[in-house]
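Okay, structure first, notes after.
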Amino acid sequence: MDFLNRAYSQLNDLYRSMTPGSRLTAGLLAVVVAISMGYLYTHQGSSADVDLMHGVPIATGDLPAMEAAFGKANLKTYEIRGTSIYVPRGEEAAYMGALAAGQVLPRNFGSALRAAIDKDTMFMSNRQRDQIIKIATQDELALIIRSMSGIESACVLYDVESRSGFGQQKQSTASASVKPAGNGQLDEARVSAIRHLVAGAIAGLKPENVTVSDLNGRTYYGNPESNGGGGEENPYVSLKRIYEQDLKAKILKALCFIPNVTVELSVVLDRERFNRVKQVRRDAPPAAPRDAVSNAPYAVQDANSGEQVEKESVGLTPKLAKVSVGVPVSYFKNVWQQRRPADETGAPKTPDQAALDRIRVEESAKIQRHVAQLLPPADGVNDAMELVAVTTFQDLPAQQLPLPSWQQNALTWLGQYWGTLATLGLSLVGLLVLRSVVRGAAGPREARTFAARPSAPPAESAPAAAMHGRRRVQPGNPSDRDELSEVVQQNPDTAAHIVRTWIGNAG
């Protein structure tokens, strides 16, 4: 408490000794410093380092609505990284509250159907109830498709048409509009998955009646008759592409020890979708009976004897596959160098063209045998190695991107943290100016208090010192007594000299 009292007394004396202009300037500078420090603490001291959704990816189509909710709640310290939102630690509740207030929280599977059930009332007609369930089903399907990897947004629409007549048959059709992330496009496997997903959720809907529209590419029509039977509806083309992709993946995995290897292939399928074969197997005919008179055999035909077998084989299966494998020249050079280590100096040897050709022939034969074992058996081909062609290509070294210079790094750093630096500089300038104002106000006060006394006893004669003492302190004067006490605190040597002079003169 004594320390606080002394500090308060000093500040009070300092404040009283300042002019009105100095007081105003010092107050404004103190406010500037306080605001700057508060800004640094609240805005720059907190970093967005906590995933708001705890690792759950957010659909790209939901991010604009979430940003609008944050802006409405005046929350600006978040950061979007890919499909995740990072916020400062300790502010998760505020951000989740903003999403809840804006009704843009990420939806879970089944939330739309649960909301539709909650809206059901006893006063709702069957038609209204069916429409609500239909819209909820569309939203659920769109949410599931949007949750697939590489999908940015999706929309699903379907309709069920009741046909009049005997049996009251219904026809269902659906369309799925899908926006892949970036400039990507849907492949055949993804289109087939979306079709079966939509068809499996709607009663009576067949996958071929689902139209998938790639918003970055083509449209995959559900009815083959609507576009003349494109390739995606042709079973031969679709199965051919599937077999080629599967076989290519197997070959690339088998040749993964070769860097930058390329594989291209072509598969020919059996064009017959079904093949039925009937086989009739009959038992061996029994020994012919002989005539009792002439002992001559005679033929007996049994139409019911024997067994009839019918076999059915599925067509559209691979019957021929040709593969082209591209191997970089650097692979053969590495093989040659591994077989012939460096010389005594440690410098690697360089193969000549003849040695490189021998290595290429040997390794190409090994690659052919390795790939031929993965190919399906082909009719009329005795050696499967004939179906594998190995070619070489000159691989160009990848150009390394130049690293940014220190000037660019410095400019980038300044561009990112210029606000923090400016605030910090303003705070330092304010502190320096405030210090100058305070010292300037304290200087005249000390000059007025100790103008008559030197910092050390001057080398003067005793009569001059006595006269100085009489002018400075007079006995019996209360103000002089206080001033003498202050002099004792500030400069004891000068005070002792004055007291000795005073006592001498009084004697």
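Between Ser213 and Tyr221, the side chains place no donor N or O within less than 3.5 Å of an acceptor N or O (distance only, hydrogens not considered). Side-chain N/O atoms of Asp357 and Gln353 include a donor and acceptor closer than 3.5 Å. Side-chain atoms of Asp395 and Ser330 form a donor-acceptor pair, as typed in the model, at a separation below 3.5 Å.
Counting heavy atoms of neighbouring residues, nucleotides and ligands inside a 6.0 Å radius, atom CG of Asn183 does not exceed 12 of them.
Only one option out of Arg195, His196, Glu188 pairs with Ser192 in a side-chain contact (heavy atoms from CB on, under 4.5 Å); it is His196.
Classified by interplanar angle (parallel below 30°, tilted 30° to 60°, perpendicular above 60°), the ring pair Phe70/Tyr78 is tilted.
With sequence neighbours excluded, no residue satisfies side chain to side chain donor-acceptor pair (under 3.5 Å) with Ser125.
For the pair Leu265 and Leu247, the minimum side-chain heavy-atom distance is below 4.5 Å. Residues Val87 and Glu92 are in side-chain contact: their nearest non-hydrogen atoms beyond the backbone lie under 4.5 Å apart.
The side-chain tip of Arg218 points at the ring of Tyr220 from less than 6.0 angstrom away and within 45° of straight on.
Residue pairs meeting the side chain to side chain donor-acceptor pair (under 3.5 Å) criterion with at least one member in residues 127-137, sequence neighbours excluded, are Asp120-Arg129, Asn126-Arg129.
Rounding to the nearest 0.5 Å places CZ of Arg81 at 5.5 Å from OH of Tyr86.
The residues Asp246 and Lys250 are annotated as salt-bridged, a charged nitrogen and a carboxylate oxygen being separated by less than 4.0 angstrom.
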Do any side-chain atoms of residues 362-375 form donor-acceptor pairs under 3.5 angstrom with protein atoms, and if so which ones, sequence neighbours left out?
| from | atom 1 | to | atom 2 | distance (Å) |
| --- | --- | --- | --- | --- |
| Glu362 | OE1 | Arg339 | NH1 | 3.0 |
| Glu363 | OE1 | Tyr331 | OH | 3.3 |
| Glu363 | OE2 | Arg339 | NH2 | 3.2 |
| Ser364 | OG | Arg360 | O | 2.6 |
| Gln368 | NE2 | Val388 | O | 2.9 |
| His370 | NE2 | Ala254 | O | 3.2 |

